[in-house]
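A short write-up of the structure that comes next.
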Protein chains: 2
Amino acid sequence: MSNISLIHTMPKKTAIELKPLEKILSLWDVLTPDERQFVNNNYTVHHFKKNEVIHHEGDVPTHMMILASGRVKVTKAGVGSRSQIIRMLKEGEHFSYRSIIASDVYSTNVTAFEDSVVYMIKADIFLSILRHNNAFCYRFLEELSTDLAASDTRTVNLTQKHIRGRLAEALLLLVKNYGLEEDGATICIYLSREDLANISNMTTSNAIRTLASFSDEHIIAMDGRKLKIIDHEKLLKISKTG
Amino acid sequence: MSNISLIHTMPKKTAIELKPLEKILSLWDVLTPDERQFVNNNYTVHHFKKNEVIHHEGDVPTHMMILASGRVKVTKAGVGSRSQIIRMLKEGEHFSYRSIIASDVYSTNVTAFEDSVVYMIKADIFLSILRHNNAFCYRFLEELSTDLAASDTRTVNLTQKHIRGRLAEALLLLVKNYGLEEDGATICIYLSREDLANISNMTTSNAIRTLASFSDEHIIAMDGRKLKIIDHEKLLKISKTG
DNA sequence: CTAAATTTGTGCTTTAAAACATGCTTGTCA
DNA sequence: TGACAAGCATGTTTTAAAGCACAAATTTAG
């Protein structure tokens, strides 16, 4: 448990909320006691401030990462200066392992869009467990299978739907991913219009405009970055038909 | 080897060219002798005519499939009548296993666009090997990792590049996937303009128009569905700059 | 072997979304 | 505190690509 000490060097506020690896890693249960011990002795804790980049596209992967707290976005550089948000992660989700498995460089950028804490496990340790623990390996196989279908669906949605459909879909995705606040309407994540645009593959102007339309039509309500879903059915319909 | 008999019931021409499972399955080498025997006793051979559908989006997956001969396209229905080609497979590649692993229905359609022969292994047999043979499992993990990056790249390319860039990219992809004929220029696959459009996410008219432009600019040469790459460098440049 | 259907090719029109311009907030940090 | 940057909002212009219409060529089927 050598790295627990690392946590204790953090400001108390953060330390109190920070769950240990064994509580946060969804795959913990398939590890053998030995593996658990091994991992516990060999992970490191890293803090990232809002907007800090965790890793860059093209870099050689060194660690498998688990988001202990905060939120990060996975993006991919496109043509010119446009960047596309591929996925958004929340506490407990792991990332940056795909490139390790594929013996590839990172195919995406990962950026914290809230202050975040990341647990890192060295690539060789990760690989060694993958190669020795079949249940562990299989869990990742399942995850990648699900992600691949999601990515293909995304491709079709982003290329074929119109602006309103794409934005509606993005909003529904955020709801699914981050949930709603106690009022049962406000999306539990506050994004800039630009980020919203980069999820829905449109310009910032168009994200703003389309949000305004949705608001006029009483499909959503806005208060700065706070977005309330008023008419979930309509949003679903727009995302399907358009 | 019970299923070899099945092959012998086929027209001789096909039978002669048809490689047995052990020659076609790239993962054969990681199977144990027992597993090899087991798979050999439990695969079936299926013939599909040109344009015949092998499986539909939404169907419950029953078999892991290996393309023994011919060519198939993996598509996904989009908005309205537009369908998008996600991937194109050639002899020796396997497919339809993603949904089995993810316990999902098929997320794509698979259609033969040439007369094709498919070897099928029952889902439960496939899963049982995955769960017992770590090397086998790991191979699929690698494959899915590669495919996921490809899918994400594709998303960005299709959404952000302009028509010329998308078509150039599609042509390069075909070259990479199917290679060139002995002349070192003609792409080893003859597709309809519509299929080409569905790979590049554009209308058929635009695929035709853009091909004509490329031909005018001496980047490619056309003879019906036969496409020759004249200026590979220029094509690469167009695909990059958009 | 012809008739019908599909595929290919081209021109013209329309349209969705980008690009651009500009003003208004809000936050931030010297 | 005041100026500078970021982010939000909205109107106007431009443009890339879809949509449509139709003719020619090629396949397919009866």
Might you list the N or O atoms of the protein lying below 3.5 Å from N or O atoms in nucleotides 9-16 of chain C, with each pair's distance?
| residue | atom | partner | partner atom | Å |
| --- | --- | --- | --- | --- |
| dG9(C) | OP1 | Arg193(B) | NH2 | 3.4 |
| dG9(C) | OP2 | Arg193(B) | NE | 2.8 |
| dG9(C) | OP2 | Arg193(B) | NH2 | 3.1 |
| dG11(C) | N7 | Arg209(B) | NH1 | 3.3 |

Problem - Student check: side-chain heavy atoms of Arg193(A) and Leu211(A) closer than 4.5 Å - result: yes
Problem - Atom-pair distance (OH on Tyr190(B); P on dT26(D)), nearest Å - result: 16 Å
Exercise for the section: Quickly work out the Leu191(B) CG to dT6(C) P distance and round it to whole Å. Expected result: 19 Å
Exercise for the section: Round to a whole Å and report the spacing from CG of Leu167(A) to P of dA17(C). Expected result: 12 Å
Handout entry: Any Ser192(B) side-chain N or O less than 4.0 Å from OP1/OP2 of dT7(C)
Key = no
Exercise for the section: Measure from CZ on Phe113(B) to C1' on dT27(D) and round the result to the nearest Å. Expected result: 18 Å
Handout entry: side-chain hydrogen bond (donor to acceptor under 3.5 Å, both in side chains) between Gln84(A) and Thr159(B), intermediate numbers included
Key = CA-CA 9 Å; Gln84(A) 166 110 42; Thr159(B) 55; 3.2 Å; yes
Practice task
Round to the nearest Å and state the distance from Lys161(B) atom NZ to dA18(C) atom P.
Solution key: 18 Å
Practice task
Could you check whether Arg225(A) gets within reach of a base, just the sugar-phosphate, or nothing at all, counting any heavy atom under 4.0 Å?
Solution key: sugar-phosphate
Exercise for the section: Please report, rounded to the nearest Å, how far the P atom of dA6(D) is from the CG atom of Asp195(A). Expected result: 15 Å
Exercise for the section: For the pair Tyr106(B) and His55(B), name the ring-plane relationship: parallel under 30°, tilted 30 to 60°, perpendicular over 60°. Expected result: parallel
Handout entry: Sidechain N-carboxylate O distance under 4.0 Å for Arg98(B), Asp104(B)
Key = yes
Exercise for the section: Could you state the atom-to-atom distance from CD of Glu194(A) to P of dA5(D) in whole Å? Expected result: 17 Å
Exercise for the section: Evaluate side-chain hydrogen bond (donor to acceptor under 3.5 Å, both in side chains) for Arg82(B) paired with Asn198(B), printing each intermediate quantity in order. Expected result: CA-CA 8 Å; Arg82(B) 293 183 65 179; Asn198(B) 289 341; 5.9 Å; no
Handout entry: Residues in salt bridge (Lys or Arg N to Asp or Glu O under 4.0 Å) contact with Arg87(B), at least two apart in sequence or another chain
Key = none
Exercise for the section: Would you kindly give the CG-to-C1' distance between Asn51(B) and dT27(D), to the nearest whole Å? Expected result: 12 Å
